[in-house]
Engineer: 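Here's a structure for you.
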Amino acid sequence: MKLKSKLNALIQDAFNQANIDQTPLSVSEATKPEFGDYQFNGAMALAKSLGKNPRAIATDIINALDFSSLIRKAEIAGPGFINLWLNPLVLADFCEEARGDARLGIALRTTPQTVVVDYSGPNMAKQMHVGHLRSTIIGDSLANLLDFLGDTVIRQNHIGDWGTQFGMLVAYLEEQQSDGDVSLKDLEVFYRDAKKRFDVDANFADKAREYVVKIQGGDTHCLGLWQQFIDRSLGHCEEVYTKLNVKLSREDVRAESFYNDDLSQVVSDLDKATLLSESKGAKCVFLENDEIPVIVQKGDGGYLYATTDLSALRFRAKNLEADRICYVVDARQSHHFKQVFKVAKNAHFVGTDVFLEHIGFGTMMDKAGKPFKTRDGGTVKLVDLLDEAVNKAHESIRNKEDYSLEALEIKAKIIGIGAVKYADLSMNRESNYIFSWEKMLSLEGNTSVYMLYAYARIQSILRKHNAKIEGKMRISDALEQHLSVTLLRFEDILQRASVDASPHQITSYLYELASLFMRFYEQNPILKEGVDEETKMSRLALADLTAKTIKQGLDILGIEVVNQL
RNA sequence: GCACUCAUAGCUCAGCUGGAUAGAGCAUCGGUUUGCGGUACCGAAGGUCACAGGUUCGAAUCCUGUUGAGUGUACCA
């Protein structure tokens, strides 16, 4: 339900009625319960241009306001705030409507866009570590969100499968295979061993270099080995995706190597567009007000990641027909993307109306506030973090004897993985954050478990009730009013989160909703004795809609839900 | 040197286009149980929103400066 839009429209009508020739500011949620449900602060802003006292303006607006439907009451407060109380009968109708709809009354976009979301992008030469968590889950929840709102979402996993290090790795793989099968279970170790071999054995090093050339030259034997290596490495990533409940599949993979054949074309097209210049032996594009050029071809003829990104941008705009392209990549690359986006536009690789966006996120820091090291020890493998979380969740489950081992496994996975994802997604993506096991694995307070618990409680009530919920919903007190307004705010929250690409707005909302339900649950008995039938049904309906909203919200975040925990 | 980002409670973080007495969680202290799931609920305590100016009816939020931190600064990705 687009509550805000409805309220804004009512205010606009009042403006027209009162002959105020202005576009009103948007209403906002009331900051305190005693200020009603929503507030409109636009009267103060108009005081100067209208040359009138803000309270007088507020009076005019209220006099012109339609009280026959959504708005029940309006009051002027302080210098000219207009506090709005919503009509509980209308709220009840809206809630019933939402409860009866699979989409909770949330409309699909009227003008959907084709959006490419580029995320995860692991390097095939390395094991995924905790640093890969953010791109993977922020990107995935953004894709889920846009998909839910009705956009055509194209997920792209731009994996790193090309470059000099693969010569060494493939040569080493071949050598190991002659001694039997290689599991490639630990890529970090494999990489280290290969590097060691490279450093001490000159013959091996020569072979590695030779293999780089052969791979890039299309040698079938070497390409076959390379393909084997990539397949297995990608297999490990997919295990992590499955654990994480991330919806990336092989079809979403469009690797660096995919763009390889197009790179020389990119450079010559830049040249045709007269954007190219040569500097210190390299082919570069210089941008206005930027001393540092975008290098697209090295002095030795090799191409760079900027070249690949330009090719990918063109592919996404022209072949995938994207209206919006989102790169969910570490904020440290903001300069790189600013440059590449500008070059792509200048060269008309993407149309002027295509919206290019770098969804940057903060760096993961250690306890001392220093950036989390990715090399030389201290690196936490992503799989290890996830396994640890699942173990910890396993211990937290009550009445273990009630479940089969398999059911316990599933529950522990949902709880543990959910906790990790929630911990990460609940933080403003743009700021750095401090990695802590304690926080990642915590099951108390503002965590996913709190939401799961609220959900499970409601499911327990519904199980106990074990019958249809019939009758009309009634909002009977301030708490129920607050809960219903909060439930109906869901769509506004999702809209906002999709514009800002910030999942943490969803987590904040869900926590607020769950905590409001907990209070409601303490104060307003549902199935207890002495509750009349009508009240019972109404409260059941409210609880049911709460559960559905929590489930939908978590689903968008890629967090699963359990009926019992 | 230049550029970008940031600085909010003891700790970890919210605070949306400027709005009323700046909010959570954790930790600390106290309360609630014949419980529809206590992994919960209620309460207390905790703040010069880094500092100094400015803009205006009104600033944690916008602007300038200072201090401190992180990041990026041409042939790695």
Side-chain angles (χ1 to χ4, degrees), chain A residues 25-26 28-32 34-35 39 41 44-45 47-48 54 77-81 83 121 123 160 162-165 256 279-284 286 289-300 302-306 308-309 330-336 338 360 362-363 365 369-371 396-398 415 423 426-428 430-434 436 438-439 442-447 449-450 452-454 456-465 492-493 496-497 499-500 502 504-505 507-508 511-512 515 518-519 521-529 531 536 539-540 543 564-565:
Chain A
L25 295 176
S26 173
S28 52
E29 290 89 33
T31 50
K32 281 175 199 287
E34 59 264 36
F35 297 155
Q39 57 179 271
N41 303 330
M44 275 98 72
K48 191 160 274 179
F81 298 103
N83 295 330
N123 185 339
W162 210 242
T164 48
Q165 74 265 53
E256 275 177 42
S279 172
K280 298 179 185 169
K283 293 189 175 164
C284 314
F286 280 90
N289 303 321
D290 200 339
E291 285 175 20
I292 299 144
V294 182
I295 302 182
V296 291
Q297 192 167 17
K298 296 194 278 185
D300 67 5
Y303 301 107
L304 292 122
Y305 72 126
T308 313
D309 278 340
D330 195 307
R332 283 177 287 194
Q333 299 204 29
S334 66
H335 186 235
H336 164 73
K338 208 174 276 178
T363 312
M365 316 290 255
K370 296 264 166 57
S396 77
I397 297 172
R398 313 190 310 180
I415 297 167
S426 62
M427 273 173 294
N428 182 344
E430 285 168 282
S431 44
N432 294 346
Y433 84 96
I434 294 172
S436 107
E438 203 189 356
K439 190 156 189 187
S442 167
L443 304 176
E444 277 169 24
N446 184 4
T447 64
V449 176
Y450 186 82
L452 293 185
Y453 184 61
R457 268 185 156 176
I458 297 171
Q459 295 314 310
S460 170
I461 294 170
L462 296 177
R463 271 197 302 276
K464 205 154 275 186
H465 173 61
D492 287 330
I493 298 290
R496 179 97 214 163
V499 172
D500 298 346
S502 65
H504 93 277
Q505 293 186 18
T507 62
S508 304
Y511 183 70
E512 193 187 331
S515 114
M518 293 290 199
R519 278 169 61 197
Y521 171 88
E522 295 285 335
Q523 282 187 36
N524 297 11
I526 302 172
L527 297 181
K528 281 186 183 174
E529 245 169 85
V531 181
K536 182 171 98 178
R539 287 178 180 169
L540 275 170
Q564 286 174 283
L565 86 156

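Reminder, nothing fancy here: chain letters follow the sequence lines and each chain counts from 1. Hydrogens, waters and symmetry mates are skipped; everything else that's a heavy atom, side chains included, is used.
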Engineer: Measuring only the P atom in each nucleotide, how far is G1(B) from G65(B)? A whole number of Å is fine.
Structural biologist: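 My reading of the P atoms in G1(B) and G65(B) gives 15 Å.
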Engineer: Would you indicate whether the side-chain heavy atoms of R539(A) and P525(A) approach each other to under 4.5 Å?
Structural biologist: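 Yes, their side chains come closer than 4.5 Å.
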Engineer: Nucleotide by nucleotide, 5' to 3', does protein get under 4.0 Å of the base (B), only the sugar-phosphate (S), or neither (-) in nucleotides 17-31 of chain B, counting heavy atoms?
Structural biologist: --BBS--SSS-----
Engineer: Can you check the distance between C29(B) and G70(B), where both ends of the measurement are the C1' atom (answer in whole Å)?
Structural biologist: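 It comes out at 37 Å once rounded to the nearest Å.
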Engineer: For the side chain of R457(A), counting heavy atoms from C-beta on, which of C75(B), G37(B), A14(B) is nearest?
Structural biologist: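 Out of C75(B), G37(B), A14(B), the nucleotide with an atom closest to R457(A)'s side chain is G37(B).
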Engineer: If I pick the C1' atom on G23(B) and the same atom on U34(B), what distance separates them, to the nearest angstrom?
Structural biologist: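 Roughly 37 Å separates the two C1' atoms.
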Engineer: Among the nucleotides G37(B), C36(B), A14(B), which one has an atom lying closest to any side-chain atom of I526(A)?
Structural biologist: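 It is C36(B).
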Engineer: Base, sugar-phosphate or nothing for Q564(A)? Non-hydrogen atoms, less than 4.0 Å.
Structural biologist: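 Here Q564(A) touches the bases of the nucleic acid.
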Engineer: Between G15(B) and U55(B), how many Å separate the two P atoms, rounded to a whole number?
Structural biologist: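 It comes out at 29 Å once rounded to the nearest Å.
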Engineer: Considering only NZ, NE, NH1 and NH2 on the basic side and carboxylate oxygens on the acidic side, decide whether D500(A) and R496(A) come within less than 4.0 Å.
Structural biologist: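 So D500(A) pairs with R496(A) through a salt bridge.
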Engineer: Identify, between E256(A) and R463(A), the residue whose nearest nucleotide on RNA chain B lies closer to the 5' end.
Structural biologist: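 That would be R463(A).
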Engineer: What's the closest nucleotide to the side chain of A282(A) if the choices are C41(B), C75(B), C36(B)?
Structural biologist: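 From the listed options, C75(B) comes nearest.
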Engineer: Please determine whether a side-chain nitrogen or oxygen atom of K464(A) lies at a distance below 4.0 Å from atom OP1 or OP2 of G37(B).
Structural biologist: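 So the side chain of K464(A) is within the cut-off, an N or O lying under 4.0 Å from OP1 or OP2 of G37(B).
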Engineer: Could you give the NE2-to-C1' distance, from H504(A) to C16(B), as a whole number of Å?
Structural biologist: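 Going from H504(A) (NE2) to C16(B) (C1'), I get 9 Å.
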Engineer: Could you check L565(A) against D500(A) and say which one's nearest nucleotide on RNA chain B is further toward the 5' end?
Structural biologist: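 Its nearest nucleotide being more 5', the pick is D500(A).
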Engineer: It should be established whether S334(A) places a side-chain nitrogen or oxygen under 4.0 Å from OP1 or OP2 of nucleotide A3(B).
Structural biologist: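 Checking A3(B) against S334(A), no side-chain N or O comes under 4.0 Å of OP1 or OP2.
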Engineer: Using atom P in both nucleotides, what's the gap between A50(B) and C16(B) to the nearest angstrom?
Structural biologist: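 14 Å, rounded to whole Å.
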Engineer: Do the side chain of S442(A) and the main chain of K439(A) share a donor and acceptor less than 3.5 angstrom apart?
Structural biologist: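 Side chain of S442(A) to backbone of K439(A): no pair is present.
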Engineer: Would you say a side-chain N or O of K536(A) is under 4.0 Å from OP1 or OP2 of C36(B)?
Structural biologist: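 Negative; the distance criterion is not met.
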Engineer: For S431(A), report the nucleic acid contact type (base, sugar-phosphate, nothing); a contact means any heavy atom under 4.0 Å.
Structural biologist: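 Here S431(A) touches the backbone only, sparing every base.
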Engineer: How many whole angstroms separate atom CG of N289(A) from atom C1' of C2(B)?
Structural biologist: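 Taking atom C1' of C2(B) as the reference, CG of N289(A) is at 13 Å.
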Engineer: A side-chain contact here means heavy atoms from C-beta on lying under 4.5 Å apart; do V531(A) and I526(A) qualify?
Structural biologist: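 No. Closest side-chain heavy atoms not under 4.5 Å.
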Engineer: For I461(A), which contact category applies under a 4.0 Å heavy-atom criterion: base, sugar-phosphate, or nothing?
Structural biologist: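 If one applies the 4.0 Å heavy-atom cut-off, I461(A) turns out to touch a base.
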Engineer: Please indicate yes or no: is the ring centre of Y305(A) less than 5.5 Å from the centre of the six-membered base ring of C76(B), with the two planes inclined by under 30 degrees?
Structural biologist: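 Not stacked: fails the 5.5 Å / 30° test.
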Engineer: How close or far is atom C1' of U33(B) from atom NZ of K528(A), stated in whole angstroms?
Structural biologist: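 After rounding, the gap between these two atoms is 10 Å.
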Engineer: Return the NZ to OH distance between K283(A) and Y303(A), rounded to the nearest 0.5 Å.
Structural biologist: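 It is 7.5 Å, given to the nearest 0.5 Å.
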Engineer: At under 4.0 Å between heavy atoms, what does S279(A) touch on the DNA or RNA strands: base, sugar-phosphate, or nothing?
Structural biologist: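 The residue S279(A) makes base contact.
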Engineer: Compare the minimum distances between each of G70(B), C75(B), C36(B) and the side chain of K280(A), then state the nucleotide with the smallest one.
Structural biologist: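 Among the listed nucleotides, the one closest to the side chain of K280(A) is C75(B).
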Engineer: Nearest 0.5 Å please: distance from the OG atom of S396(A) over to the CD1 atom of I415(A).
Structural biologist: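 Rounded to the nearest 0.5 Å, the OG-CD1 separation comes out at 5.0 Å.
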Engineer: If I take atom CE in residue M365(A) and atom C1' in nucleotide C11(B), what distance separates them, rounded to the nearest angstrom?
Structural biologist: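 Atom-to-atom, M365(A) to C11(B), this comes out as 16 Å.
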Engineer: Side-chain contact test, heavy atoms from C-beta onward, threshold under 4.5 Å: evaluate it for Q564(A) versus S460(A) and give yes or no.
Structural biologist: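 Contact flag for Q564(A)/S460(A) side chains = no.
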Engineer: Looking at every strand, decide which applies to A47(A) at a 4.0 Å heavy-atom threshold: base, sugar-phosphate, or nothing.
Structural biologist: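 Nothing: the residue A47(A), judged by heavy atoms under 4.0 Å, touches no strand.
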Engineer: Pull out every stem in RNA chain B, meaning runs of 3 or more consecutive Watson-Crick or G-U wobble pairs with both distances under 3.5 Å.
Structural biologist: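 Correct response: B:1-7 with B:67-73, B:10-13 with B:23-26, B:28-32 with B:40-44, B:50-54 with B:62-66.
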Engineer: Describe the nucleic acid contact of G160(A) in one word from base, sugar-phosphate, nothing, applying a heavy-atom distance below 4.0 Å.
Structural biologist: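 Here G160(A) touches no strand at all.
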Engineer: Between R519(A) (CZ) and C42(B) (P), how many Å, whole number?
Structural biologist: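 Between P of C42(B) and CZ of R519(A): 6 Å.
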Engineer: Separation of N428(A) atom CG from U61(B) atom P, in whole Å?
Structural biologist: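 To the nearest whole Å, that distance equals 17 Å.
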Engineer: Using a cut-off of 4.0 Å on non-hydrogen atoms, how would the nucleic acid contact of S396(A) be classed: base, sugar-phosphate, or nothing?
Structural biologist: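 If one applies the 4.0 Å heavy-atom cut-off, S396(A) turns out to touch a base.
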Engineer: Measure the distance from CD on Q333(A) to P on U5(B) and round it to the nearest whole Å.
Structural biologist: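 Between P of U5(B) and CD of Q333(A): 17 Å.
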Engineer: Kindly say if H335(A) contacts the phosphate of U5(B), meaning a side-chain N or O under 4.0 Å from OP1 or OP2.
Structural biologist: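 Checking U5(B) against H335(A), no side-chain N or O comes under 4.0 Å of OP1 or OP2.
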Engineer: Rounding to an integer number of angstrom, what distance separates U61(B) and G25(B) when you compare their C1' atoms?
Structural biologist: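 Going atom to atom, C1' in each nucleotide, I get 23 Å.
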Engineer: With a 6.0 Å cut-off (strictly less than), is the heavy-atom count around CD of E291(A), excluding the residue itself, greater than 12?
Structural biologist: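 Count not over threshold, so no.
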Engineer: Do S508(A) and Q505(A) have a side chain donor and acceptor closer than 3.5 Å?
Structural biologist: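 Judged by distance alone, the side chains do not pair up.
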Engineer: Aromatic contact between Y450(A) and Y511(A), with the criterion being ring centroids under 6.0 Å apart: yes or no?
Structural biologist: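 Yes.
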Engineer: Without decimals, in angstroms, what is the distance between R332(A) CZ and G72(B) C1'?
Structural biologist: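 In whole Å, G72(B) C1' and R332(A) CZ are 10 Å from each other.
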Engineer: Decide side-chain contact (heavy atoms from CB on, under 4.5 Å) for N524(A) and R519(A); before the verdict, give the C-alpha distance in whole Å, the side-chain angles of both, and the deciding distance to 0.1 Å.
Structural biologist: CA-CA 8 Å; N524(A) 297 11; R519(A) 278 169 61 197; over 6 Å; no
Engineer: Say you draw a straight line from NE2 of H465(A) to CD1 of I458(A); how long is it, rounded to the nearest 0.5 Å?
Structural biologist: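 With rounding to 0.5 Å, NE2 (H465(A)) is 14.0 Å from CD1 (I458(A)).
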Engineer: How far does the P atom of A9(B) sit from the matching atom of U5(B), given to the nearest Å?
Structural biologist: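 Here A9(B) and U5(B) have their P atoms 22 Å from each other.
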Engineer: Using atom C1' of each nucleotide, how far apart are U8(B) and G68(B) to the nearest Å?
Structural biologist: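 One C1' to the other, the span is 16 Å.
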Engineer: In the structure I gave you, are the side-chain heavy atoms of M365(A) and Y433(A) within less than 4.5 Å of one another anywhere?
Structural biologist: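 No, too far: nothing below the 4.5 Å cut-off.
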Engineer: Which is true for Y450(A) with a 4.0 Å heavy-atom rule: it touches a base, it touches only sugar-phosphate, or it touches nothing?
Structural biologist: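 Sugar-phosphate: the residue Y450(A), judged by heavy atoms under 4.0 Å, touches backbone atoms but no base.
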